[in-house]
> 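Can you keep this structure in mind? I'll have questions shortly.
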Amino acid sequence: MQLPIHDNLTQARTTFVTHLECSLHGDRYPADQVHGLSKAGKPLLVRYDLEAIERSVTRRELSERPADMWRYREFLPVRRAANIVSLGESHTPLIPVPSLRTGSGEVLIKDEGRLPTGSFKARGLCMAVSMAKELGLRRLAMPTNGNAGAALAAYAARAGMEAYVFCPEDTPETNVREIAAQGARVWRVNGLINDCGRLVAEGKEAMGWFDLSTLKEPYRIEGKKTMGLELADQFGWDVPDVIFYPTGGGTGLIGMWKAFRELQSIGWLGMRLPRMVAVQASGCAPIVRAFEQGTEFAELWENAHTVASGIRVPAAIGDFLILRAVRDSGGFAIAVDDEAILAARDEIGKREGVLLCPEGAATVAAYRKALAEGRVTPQETAVLFNCASGLKYPLPDVSGQLDCRQPVDWGRLIDAGT
Ligand SMILES: *Cc1c(COP(=O)(O)O)cnc(C)c1O
């Protein structure tokens, strides 16, 4: 059986990548070689001959291709279609949320839980593993709060590569088990994600693995960039007014902003770009603190804690890129507490039938808060990112039991049970 994306994958092709570039200093690095960070220890960004892309394909041609991530192949780094490692990265829906709407602007949830392995980490790891294959890498490693490790495990299995995954010991049980079930070697570590990251870095020499940590290689961001390309496409080559993004390492926010700028530079988007809003939990909000203090970089957040494990990232190597995108776009950074996150998850599930992950629920809580504070208006169209399936997380206990051998007191069912 063939995946529906087949058409987007079969075209043998070269890409429009010209070189890689240090995101802080702008110095250049050759494409088609294995790279981690730049000489300055900062993330590398992939650069393209955008004008050549513009000459070779039209928006209309793109929109006629199957609706998946590879529709945008000209904007992506994989040179040979045979190296693409795919599990069916279909477009994700924009779901209207009437109960959040208070004016003429629409409020839409982009539900990334529909992707392979149930989170948007699939976009980044699909790209990173495909590029690892293209560059001849065989053994991959990463620190993870859960979802990235699951996506790495799946794509590495698919590519026939080895994967080593390290997660904080309180990572949701489902995540740890799905990582193992998809063939990776996984360990719980008695620390946070930055401690896990240190282990991956320290083990490099002894284990000979390639470090796929967030932004420590150049290609996960190109995968996450497809969220921006896809959004523009779904809006008819236009954009929403404001995007609320739950921000951990920030790959998605940086990637989307990169996508919008690339599209704008070839005239596929106009002058108006969305305001990017970085959403964090108040128990771990290094980006919000740096935004408010007006600094270029963010300091490590001590004693990080939140139920939204995907955004429990005390220090992000791409901090200045997140802050730059937020500021350049006219957006802001905002923190919400765990109580508001869980209340939002409960409310949207019960009212709208959409089971959010805690990180997705954080964007709902942040949207409400920003609206109340006048930082967004009811006239603005807002996109809130639900980055993973709510099913991957612990849910509140349900104890309602019914004895089928006794007469049932039907009246009791209305207010008891759940
Ligand atoms: C990884 C993750 C995030 C944070 O995404 P970044 O792009 O790394 O900031 C948010 N939510 C969930 C569910 C995640 O898995």
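One-based numbering, in listed order, for ligands and for the atoms of each.
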> Using distance alone, determine whether T247 and ligand 1 share an N or O pair under 3.5 Å.
no

> Check R65 with E74, please: is the shortest side-chain N to carboxylate O separation under 4.0 Å?
yes

> Side chain or backbone, does K224 bring an N or O within less than 3.5 Å of an N or O on ligand 1?
yes

> Tell me whether the count of non-hydrogen atoms from other residues, nucleotides or ligands lying under 6.0 Å of CD in E61 goes above 12.
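Yes, CD of E61 has more than 12 neighbouring heavy atoms, counting only those of other groups under 6.0 Å.
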
> When you compare ligand 1 with C387, is there at least one nitrogen or oxygen pair between them that comes in under 3.5 angstrom?
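In this structure, C387 places no N or O atom under 3.5 Å from an N or O of ligand 1.
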
> Checking contacts here: is it the side chain or the backbone of F385 that comes within 4.0 Å of ligand 1, counting heavy atoms only? Could be both or neither.
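No part of F385 comes within reach of ligand 1.
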
> I need the atoms of ligand 1 closer than 4.0 Å to a non-hydrogen atom of Y245, numbered in the order shown.
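Taking each heavy atom of Y245 in turn, ligand 1 has 5 (O), 6 (P), 7 (O), 9 (O) under 4.0 Å.
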
> Is there a donor-acceptor contact under 3.5 Å from the side chain of E359 to the main chain of N386?
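No.
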
> In terms of atom number and element, which parts of ligand 1 are under 4.0 angstrom from non-hydrogen atoms of P246?
4 (C), 5 (O), 9 (O), 10 (C)

> Going by distance only, is there an N or O of G249 that falls short of 3.5 Å from an N or O of ligand 1?
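The answer is yes, given that G249 and ligand 1 share an N or O pair closer than 3.5 Å.
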
> Is a donor from one side chain sitting under 3.5 angstrom from an acceptor on the other, for E222 and Y72?
no

> Answer yes if the side chains of R114 and T92 hold a donor-acceptor pair under 3.5 Å, and no otherwise.
no

> Just to check, does S119 reach to within less than 4.0 Å of ligand 1 when the distance is taken from its heavy atoms?
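Outside the 4.0 Å threshold, so no.
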
> Between T251 and ligand 1, which part of the residue brings a heavy atom under 4.0 Å of the ligand: side chain, backbone, both or neither?
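It is both parts that get close, each with some atom under 4.0 Å.
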
> Using distance alone, determine whether G252 and ligand 1 share an N or O pair under 3.5 Å.
yes

> Taking the six-membered ring of F75, is NZ or CZ of K225 closer than 6.0 Å to its centre and within 45° of its axis?
no

> Given Q280, K121, E359, identify the one with the heavy atom nearest to atom 14 (C) of ligand 1.
K121

> To the closest 0.5 Å, what do you measure between OH (Y393) and CG (L356)?
11.0 Å

> Considering only heavy atoms of N147, which atoms of ligand 1 have at least one such atom less than 4.0 Å away?
13 (C), 14 (C), 15 (O)

> Between E217 and Y219, is there a donor-acceptor pair closer than 3.5 Å when you use the side chain of the first and the backbone of the second?
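Looks like yes, one N/O pair under 3.5 Å.
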
> Could you list which atoms of ligand 1 come closer than 4.0 Å to a heavy atom of Y393?
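Every atom of ligand 1 under 4.0 Å from some heavy atom of Y393: 13 (C).
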
> Identify, by atom number and element, the atoms of ligand 1 in contact range of A388, meaning under 4.0 Å from any of its heavy atoms.
13 (C)

> Under a 4.0 angstrom heavy-atom cut-off, which atoms of ligand 1 come close to I311?
10 (C)

> Within 45° of the six-membered ring axis of F332 and under 6.0 Å from that ring's centre, is NZ or CZ of R275 located there?
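Cation-pi check for R275 and F332: fails.
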
> Does C357, backbone or side chain, put an N or O under 3.5 Å from an N or O of ligand 1?
no

> Closer than 3.5 angstrom, by distance alone: can the side chain of T381 be matched with the main-chain N or O of P240 as a donor-acceptor pair?
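Between the backbone of P240 and the side chain of T381 there is no qualifying donor-acceptor contact (under 3.5 Å).
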
